[in-house]
There are 2 protein chains.
Amino acid sequence: MKDVATAAGVALKTVSRVVNEEPGVTPATARRVLAAIERLGYRRNESARLLRRGRTATIGLVIEDVGDPFYSGMGRAVEQVALAHGSLMFSGSSGEDPRRERDLLLAFCARRVDGLVIVPAGPDHGYLRPELDAGVAAVFADRPGGLDADTVLCANAAGAYAGVTHLLRHGHRRVAFLGDDPAIFTAAERLAGYRRALADAGLGADASLVAMGPPERAGAALSAMLTGGDPPTAVFTGNSRITVAVLRAGHRPPLVAFDDFELADLLTPGVTVVAQDPMGLGRTAAELLFERIAGGRGPARRIELPTRLVPRGSGELPPAPGTAGPGRR
Amino acid sequence: MKDVATAAGVALKTVSRVVNEEPGVTPATARRVLAAIERLGYRRNESARLLRRGRTATIGLVIEDVGDPFYSGMGRAVEQVALAHGSLMFSGSSGEDPRRERDLLLAFCARRVDGLVIVPAGPDHGYLRPELDAGVAAVFADRPGGLDADTVLCANAAGAYAGVTHLLRHGHRRVAFLGDDPAIFTAAERLAGYRRALADAGLGADASLVAMGPPERAGAALSAMLTGGDPPTAVFTGNSRITVAVLRAGHRPPLVAFDDFELADLLTPGVTVVAQDPMGLGRTAAELLFERIAGGRGPARRIELPTRLVPRGSGELPPAPGTAGPGRR
DNA sequence: CGCCCCGATGACAACGTTGTCGGCGAGGAG
DNA sequence: CTCCTCGCCGACAACGTTGTCATCGGGGCG
């Protein structure tokens, strides 16, 4: 900028005025400045500008895995909202590692982002307290975080309830639940929805029908259930990775899966799913964030986005004839 | 920082020294400063620091669609390399819109990123010339860009050649090619590989077996081919979106697909694919980038990553009996 | 003809850091 | 006792912008 000023024979401030299209510059002067800018290939240093102005027009996004379709869809929605607000977006993956999440978030804050959209990996975000006090906005998405901040969730329990009820309506009485580690918020919520659905249908809880743990063990867990005494006639899977693990293990039971996935409709039978809305999640989270950045006050909000049951065949199968008598014995 | 200095009763510079762990500070003084930092919740302003130092420790990534599994996998790899180099990553989607790509890239440059990883949407990147001259590094990934910069590609032609040859080895003589708009670099390259495979097998080119265009029309295009006279006995699809479109349209022909996709192994029959390596693409691109950022000179490099043929059933099917006689008539 | 006002421009400080250099006090050597 | 050295620390400028205020010149008006 200094060079441009020298080249155009004007003061620094005049160049600044031209660049910012501020009034009070003679067209002739402006032309001279613009010519110099063009000639020198000058581009304003946005970092310096933002340092001076205090707003960085930047937000940070931390998700579990940038490569996961669910989260990357969410990221895209956040990006769109950010762009609409003239902001750029840092993004990073926590990989479910709370320490890495912390490092990323603090790195973003050190860059003085205006706000954060966080899919929490760890339960504790106390380290963000000073940042929030310093004016950084934050929104948790998909799972609640360890702070009293705006939160956007999917209707995990209600969705699981609907999915399990769907199976019960098709005559099943013994429905297995294959879920992820119950330490994960969404896994626990979905399990709760499953249990409530059974209870509301007057069915008791049978611990032998529930297997919680890492997806790679889900196939074996289901195999064990099916070869045991009094096996399930239908299965509810708690997330896509588990669904896929079950399918890969060769199982094709009557099935409702939580979370939609590409090509679910092309399998035989098509997989009935409880679809979440990743784009909606991202959009809503980002909109809440920018409300806060714009100065919105008030208590933290908690929004649950509805799920949608998508019947595709696998969830409409009746109990296999010959299996399971009149229910539990 | 000023406040910390006042609180600790030392000069600004001393705080700076403590924060940066520079030598020459008495342990006692350092303790006092650290206490003040803790008490005030001070965090260094990285933007100001980087403004002063000249390096931003930030790179920018522009891909076609953050939500696409192929690109988001790539993004993850880029992110990992960036993190390993202590850099953060801006990311954005061009959505195949050259103008938006330009806006994003220039916005990143205005933030003075150290380098850019670009999946080019448009053919012309002349507008980046001043930025590159100013020292911003750039690497093109997946497609060549309109500048003489490092480029990392998949072996598009060779991969298509291998895939088509695979079909020919299984007895097919009439192989259809369903590809995307040939204005897209990868689509054109894959078409060339297809043609070369046919030529090397002594088969003439039959224009009626080639359909190039948007994925949503691929299903209809194949239907037309199959109901026409002298239909193909096998199909090669030029990318995943086209593959999926074909499958959704209900077709299950002998098939080899360019680009792997989740669950390809679970369909019946499993879909034989020419797998690319998105993580490798991202990793390689990012590594080249950081070499340049570290000061690497020399002419622009162009790297092609090999593809891998993954047989899963659909590509090993023989021509349907009754179809197609001894070849073209 | 003189005054005032206004529009164009410029000088300077400030944003929050870091690099450079100089000062100051203590301790060792002569 | 004096001088030099060295370790600790602080003052100041600079990075590239923008906000504030001053300056300067010309034109309208009394």
Side-chain angles (χ1 to χ4, degrees), chain A residues 1-34 36-37 40-58 86 106-114 130-131 134-136, chain B residues 1-34 36-37 40-58 86 106-114 130-131 134-136:
Chain A
M1 193 157 183
K2 191 159 49 174
D3 299 340
V4 173
T6 318
V10 298
L12 209 57
K13 180 62 199 180
T14 303
V15 179
S16 172
R17 273 192 263 262
V18 172
V19 171
N20 292 301
E21 301 180 2
E22 287 174 28
V25 180
T26 312
T29 313
R31 263 199 306 279
R32 241 177 35 244
V33 171
L34 288 172
I37 287 177
L40 299 180
Y42 164 80
R43 304 286 163 92
R44 175 170 63 192
N45 184 331
E46 205 69 15
S47 308
R49 167 173 216 237
L50 296 171
L51 167 63
R52 185 63 230 269
R53 308 195 100 194
R55 266 287 180 78
T56 58
T58 305
L106 290 182
F108 290 166
C109 288
R111 296 295 218 287
R112 291 296 188 269
V113 294
D114 297 330
E131 321 293 349
V136 179
Chain B
M1 191 153 173
K2 192 159 47 176
D3 299 339
V4 174
T6 317
V10 297
L12 209 57
K13 180 62 199 181
T14 302
V15 179
S16 173
R17 272 192 264 262
V18 172
V19 172
N20 292 301
E21 300 181 2
E22 287 174 28
V25 180
T26 312
T29 314
R31 260 198 309 280
R32 241 181 31 245
V33 172
L34 288 173
I37 286 178
L40 299 180
Y42 164 80
R43 304 286 163 92
R44 176 170 63 193
N45 184 331
E46 205 68 16
S47 307
R49 167 173 215 237
L50 296 171
L51 167 65
R52 184 64 231 265
R53 307 195 102 194
R55 266 288 180 76
T56 59
T58 305
L106 291 181
F108 290 166
C109 288
R111 297 294 220 287
R112 292 299 186 267
V113 294
D114 297 331
E131 321 293 351
V136 179

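Computed from a predicted structure; not experimentally measured. Below, read A as the first sequence line, B as the second, and so on, with proteins coming before strands; counting in each chain starts at 1. Reckoned from all heavy atoms, side chains included, excluding hydrogens, waters and symmetry mates.
Contact check for A:Leu106 versus A:Glu131: side-chain heavy atoms found under the 4.5 Å cut-off. Considering only heavy atoms from C-beta on, B:Asn20 comes within 4.5 Å of B:Arg44 through its side chain. Under the 4.5 Å side-chain criterion, counting only non-hydrogen atoms from C-beta, B:Pro130 is in contact with A:Arg43.
With hydrogens and angles ignored, no donor-acceptor pair under 3.5 angstrom links the side chain of B:Lys2 to the base of C:dG16.
Straight-line distance from the CD atom of A:Glu22 to the P atom of C:dG7: 15 Å, rounded to whole Å. If you take CG of B:Asn20 and P of C:dT17, they are 10 Å apart, rounded to a whole angstrom. For the pair A:Leu50 CG and D:dG19 C1', the computed distance is 15 Å after rounding to whole Å. A straight line from CD of A:Glu46 to C1' of D:dC15 spans 16 Å, rounded to a whole angstrom. Here the P atom of nucleotide C:dT20 and the CZ atom of B:Arg53 are 11 Å apart, to the nearest Å.
Sequence order on DNA chain D of the closest nucleotides to A:Arg17 and B:Leu51 puts B:Leu51 first from the 5' end. The 5' end of DNA chain C is approached more closely, in terms of each residue's nearest nucleotide, by A:Pro27 than by the other of A:Lys13 and A:Pro27.
Side-chain nitrogen and oxygen atoms of A:Arg49 include none within less than 4.0 Å of the OP1 or OP2 phosphate oxygen of C:dC15. Taking side-chain N and O atoms only, A:Thr14 has a distance below 4.0 Å to OP1 or OP2 of C:dG10. For C:dA8, the OP1/OP2 oxygens have no side-chain nitrogen or oxygen of A:Thr29 closer than 4.0 Å. Between A:Arg43 and D:dG16 there is no side-chain N or O to OP1 or OP2 distance below 4.0 Å.
Distances from the side chain of A:Asn45 to the nucleotides C:dT17, D:dT17, C:dG10 place D:dT17 closest. Of the candidates D:dT17, C:dG10, C:dT17, C:dG10 carries the atom nearest the A:Val10 side chain, counting heavy atoms from C-beta on.
Within the 4.0 angstrom heavy-atom criterion, no nucleotide atom of any strand lies near B:Ser47. Looking at heavy-atom distances under 4.0 Å, B:Arg55 makes no contact with the nucleic acid at all. Among the atoms of the strands shown, base atoms are found under 4.0 Å from some heavy atom of A:Leu12. A:Val19 comes within 4.0 angstrom of nothing in the nucleic acid, heavy atoms only. Contact annotation for A:Thr26: backbone-only contact, meaning every heavy-atom pair under 4.0 Å involves sugar-phosphate atoms and none involves a base.
Residues A:Thr58 and B:Arg111 share a closest heavy-atom pair of OG1-NH2, 2.9 Å.
Within the 3.5 Å criterion, the main-chain N or O of B:Arg112 finds a donor-acceptor partner in the side chain of B:Thr56.
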